[in-house]
Amino acid sequence: MTATEDLDLILKTMANTIVANTDYFCELDQVVGDGDFGYSLRSGFEVVQAELETFDHSNVGALLKKVGFVISSKVGGSSGPIWGTAFLRAAKEAGERIDISHEEVIAILRAAVTGIMDRGGASLGEKTLLDALVPAIDALETGLAQPGAAADHGTAAIQAAADAAVTAAEATKPMLAMRGRAAYTGERSIGSVDAGATAVGVILQSISGAWREAHA
Amino acid sequence: MTATEDLDLILKTMANTIVANTDYFCELDQVVGDGDFGYSLRSGFEVVQAELETFDHSNVGALLKKVGFVISSKVGGSSGPIWGTAFLRAAKEAGERIDISHEEVIAILRAAVTGIMDRGGASLGEKTLLDALVPAIDALETGLAQPGAAADHGTAAIQAAADAAVTAAEATKPMLAMRGRAAYTGERSIGSVDAGATAVGVILQSISGAWREAHA
Amino acid sequence: MKKFVNDPRQFVPEMLEGIYLASGGALKYEPKYNLIYRADAPNPNKVSIIQGSGSGHEPAHTMIVGKGMLDAACPGDVFAGPPVEFVYETTKLLNSPKGVLHIVNNYTGDRLAFEQGREMCEADDIKVETLLVNDDVAVKDSTWTVGRRGVAGNFFVIKAVGAAAEKGASLEELVRIGNDVIANVRTLGIALSSCTPPVKGSPLFEIADDEMEVGIGIHGEPGRQRTKIVSANEIVDLFLNAVVPDLPFKSGDEVALMINGLGGTTIGELYLLYGIAHKKLESQGIKVFRSYVNEYCTSLEMAGASLTLLKVNNEIKGLLNEPAEVSIRVF
Amino acid sequence: MKKFVNDPRQFVPEMLEGIYLASGGALKYEPKYNLIYRADAPNPNKVSIIQGSGSGHEPAHTMIVGKGMLDAACPGDVFAGPPVEFVYETTKLLNSPKGVLHIVNNYTGDRLAFEQGREMCEADDIKVETLLVNDDVAVKDSTWTVGRRGVAGNFFVIKAVGAAAEKGASLEELVRIGNDVIANVRTLGIALSSCTPPVKGSPLFEIADDEMEVGIGIHGEPGRQRTKIVSANEIVDLFLNAVVPDLPFKSGDEVALMINGLGGTTIGELYLLYGIAHKKLESQGIKVFRSYVNEYCTSLEMAGASLTLLKVNNEIKGLLNEPAEVSIRVF
Ligand SMILES: Nc1ncnc2c1ncn2[C@@H]1O[C@H](COP(=O)(O)OP(=O)(O)O)[C@@H](O)[C@H]1O
Ligand SMILES: Nc1ncnc2c1ncn2[C@@H]1O[C@H](COP(=O)(O)OP(=O)(O)O)[C@@H](O)[C@H]1O
Ligand SMILES: [Mg+2]
Ligand SMILES: [Mg+2]
Ligand SMILES: [Mg+2]
Ligand SMILES: [Mg+2]
């Protein structure tokens, strides 16, 4: 599989997972947010789901940029700028490559994280999706550096990343929300997981499953 | 007891009964009306209840007129003009009398009925309080014409009137409402008693009880 | 009860005091008669226009006292017409050499109070005329019934005669104009929920979560039928199929189109209904001259809406376009 | 769900189409960007003023586009700020040589969309300035938080800069005026009920029949505390005890006093609250310059109200007194 084929698999799985979990993601956002997180993400990813094949596949950057544009034009709320910026920064880092090394994958993901931080001003530990995303990338980096990583097409590394995300999302529970709408609740935000972080875990688990199947 | 003492007893009992039955009268009005009949009557009769002693008692007409004025200044909805007109017409018929014969009682009550009909345009059988009030006056007239009527101070006649009102109120059930708010419900008005007619029955039963006690 | 209220029996007086205090001197308040009136009334060069219906329909009619609308309002309690004395005293206080116009919604309570009040005024040699508003098509009109109810169309009657009175029209002219509006205005209301009068403290009627009442009265009187809630498109069809054939409104007619909220429905939904109704009317060749989308005549916090059509001619168009200054405003 | 709606996901576009059709040509509508804008905008002699927040707060802000208020509104879905593209395209379309003013309520979603949108516009050499509205005293402001929320005070910011822009004020002047209003306006909201976003179809939160939420956010965000419902007098004390000491408003100050309905509360109750608040303020020596009693910034059909105080100086008083023409109106 080429890098854009791999990316297609990831994007399609991501879109399917988001559409399938719309209500769940909303429920997560309802505890201390306003309950629209799932709807907002769906508005963009249902377009990705339906039109992915028609997107420019000439290189990795072009494909990521198109997804960033779709999100910027369809997704409202905090998630639009945050996820949109993530994809646009990843696209910039990927550039016109059609082949991507393990190191480049990590660099692209780190660029997305920097974009989210620039856009939303959040740091780690402030109870946002960063608290799941960053540990997952760390785990992926470690995993991909293992000797067997090339042989299993990164399957184990991706699973490790997904597991790290789930664990880290769970660990947002005792955190005090400092960003986004949840921050208004102050102390009341303690005791429930962050919606964005939990969604990252759910999405990465789906991607890991799809990846294993595709590369079995 | 003088005529104004008798009238005081009737007015006090009437006021007490209306205040005590406010919620019940509202419930009756709720089936096909707007549920405010009890509140509307209360607005006037709680003033009668509290201030009756201060009213002009120089003659029957003056006392009835004062009640008519209180109702006209306090009672809203259909009940204000209907009950207010009834008292004002009764006052006019009673005039400056301080003594009232049985025949005069009936004439005063008939004047009230004519007033209600003039004001509201209703005839018998149109599912209004007239359908209880008129049969009650008929029964009173018959009762007062009996040989024993003077001896028992009209106690039996008043009880007969009260009973006639209750029976007649019950008989409004199958009627189609043609007047007031209930008329908007058309066929739906069939099957429930008229609020005003039922209230007349309740009030007359109270008056009959109080009368019997006072004249025992 | 989900309401901002102190003693429920003081709800109307406390509301009226708020209207008075918010007016910045434009209105006066006489607590004895629940009376809100223009500080500059009566004006000897102008007919005085009075309405006194039940409360609970705000902004009608206590909040539309002002230049170009009512001179005075003397409401009764929630959903009860005013006592006769309020009508009599208000008319006396507002008496003008040009006469007094009573605008009465066709409910037994309102009618009787205004008829008796007028008799008392005429005995005092006050010149009074009456307009009877009856725009609700839900109720069949026939000789043996109490006739149609007056609902949101009331706004147009007041607007037209209010504007004409401001320009010095005589009592007779106002009666002609008012009756012309009444002859050309039709309304239907649909309720999605009940409402809770403050003194009662519980809902006026029961209605299931998936039901609506078509043809509701503004005091919760039952309508034509109780059905399942349908889509907004189908609801607009229900409105138009009842209202349009009633006058009838015909291709080529120009109309004012009002979507009135009954109290608990968002203005967003009202505009959504408006858009659908506007398009359906234009597709029938009925041209919308002016739009009215807001709460005009409510039933406390009832969720629901009514649609009103007023067929306009040049005279009515001119009067609707005149300015007005009342409590209920945005700026 | 007790709502007039077709496909719930089309709720916002269908509402916007209604606003457009009701405007009689005063407004234009671009469905691609949920965009409602003045038919005569952009005006090269006037700064263009744009707001784009979540929907569900109507009449804010889509219904206050017009002369003397906003030039354009590009809302997102119910309770979600608009996608970045809406902000970018709207600003491009409304671009004026005098510049573009973004009025943003302080919510993460709105801020991020407008920040990114502004970056994109500046890359296209469009001159943009931003006002951040944050009047809600329920939320403690400190360096490590996201700051106060923007709620009903938004209306006064738009009214003031809208009036000034109409008279030709520069972008810099508008920023000064807007920030002056923002520095002097404070709000607290109290909810008696929840509300139901159309797409969600069920209430946003649970609240018992005898409970209220003090300090509610306009998207149902929790407030300062959940307590039993108290009397209207006590509720006004809660409002004033939170709002007055915050600025603080002091004896001798002149204020605009707004009682804003959150959607499901009757205007009668709003006037009742107004009257109580007016008297309590005057007893503290705070003089009410102008009253605002209506729905300005709602949370769908939520029962509840907010109280806003704006301390006014001569400049702001003059601007508040200027006329405006928008969709939401009575006449
Ligand atoms: N400043 C921020 N930086 C990064 N992520 C954030 C930030 N604010 C919120 N989030 C994430 O966004 C999620 C909520 O998204 P969404 O529901 O779309 O926002 P809202 O409805 O508040 O506009 C949160 O659970 C959190 O993970
Ligand atoms: N035209 C009428 N003539 C006589 N009685 C009437 C008339 N209309 C209504 N009523 C009586 O009044 C009662 C309702 O009174 P009320 O609740 O005060 O009226 P509303 O709320 O409709 O103004 C009815 O039950 C009926 O008995
Ligand atoms: Mg959210
Ligand atoms: Mg009644
Ligand atoms: Mg009534
Ligand atoms: Mg949101």
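Residue numbering restarts at 1 for every chain, and letters A, B, ... go by the order of the sequence lines.
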Worksheet item: Checking side-chain contact (heavy atoms from CB on, under 4.5 Å) for the pair A:Lys74/D:Val84: CA distance, chi angles, key distance, verdict?
Response: CA-CA 8 Å; A:Lys74 296 290 176 188; D:Val84 173; over 6 Å; no
Practice prompt. Pick one of side chain, backbone, both or neither for D:Asn106, based on which atoms fall under 4.5 Å of a heavy atom in chain A.
Written response: backbone
Discussion item. Heavy-atom cut-off 4.5 Å, strictly under: side chain, backbone, both or neither for D:Glu89 against chain A?
Written reply: neither
Worksheet item: In terms of side-chain geometry, is the basic nitrogen of A:Glu187 or D:Arg224 positioned less than 4.0 Å from the acidic oxygen of its partner?
Response: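 Not counted as a salt bridge, because no side-chain N and carboxylate O are separated by less than 4.0 Å.
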Can you name the closest pair of heavy atoms from [X] and [Y] and give their distance?
X	Y	answer
A:Asp34	D:Phe79	OD2-O, 3.0 Å
D:Pro222	A:Arg188	CB-NH1, 3.4 Å
D:Leu112	A:Gly120	CD2-CA, 3.9 Å

Within a reach of under 6.0 Å around [atom1] of [X], are more than 12 heavy atoms found that belong to other residues, nucleotides or ligands?
X	atom1	value
A:Ile190	CD1	yes
D:Phe205	CZ	yes
D:Lys3	NZ	yes

Find the one option among [options] whose heavy-atom pairs under 4.5 Å with chain D are most numerous.
options	result
A:Ser40, A:Pro81, A:Gly35	A:Pro81
A:Gly80, A:Ala182, A:Ser72	A:Ser72
A:Val75, A:Val32, A:Thr85	A:Val75
A:Gly76, A:Gly33, A:Gly84	A:Gly76

Max heavy-atom pair count under 4.5 Å with chain A, selected residue of [options]:
options	answer
D:Leu204, D:Val199, D:Val78	D:Val199
D:Gly81, D:Pro82, D:Gly76, D:Gly117	D:Gly81
D:Arg9, D:Lys32, D:Glu119	D:Arg9

Discussion item. Given heavy-atom pairs under 4.5 angstrom as the criterion, report whether the side chain, backbone, both or neither of A:Asp36 touches chain D.
Written reply: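 It is the side chain, since no backbone atom gets that close.
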Discussion item. Less than 4.5 Å to any heavy atom of chain D: does that hold for the side chain of A:Ser73, its backbone, both, or neither?
Written reply: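 A:Ser73 touches chain D through backbone and side-chain heavy atoms alike.
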Quick one: does [X]'s side chain get under 4.5 Å of [Y]'s, heavy atoms only?
X	Y	result
D:Lys200	A:Tyr39	yes
D:Arg111	A:Arg119	no
A:Leu88	D:Gln116	yes
D:Thr108	A:Arg181	no

Item to complete: Working to the nearest 0.5 Å, report the span between CZ of D:Arg148 and OH of A:Tyr184.
Response: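 Taking CZ in D:Arg148 and OH in A:Tyr184, the distance rounds to 12.0 Å.
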Worksheet item: Between OH of D:Tyr107 and OG of A:Ser78, what distance do you get to the nearest 0.5 Å?
Response: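 Separation between the atoms: 12.0 Å.
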Worksheet item: Hey, are A:Thr185 and D:Glu221 close enough side-chain-wise for a donor-acceptor pair under 3.5 Å?
Response: no
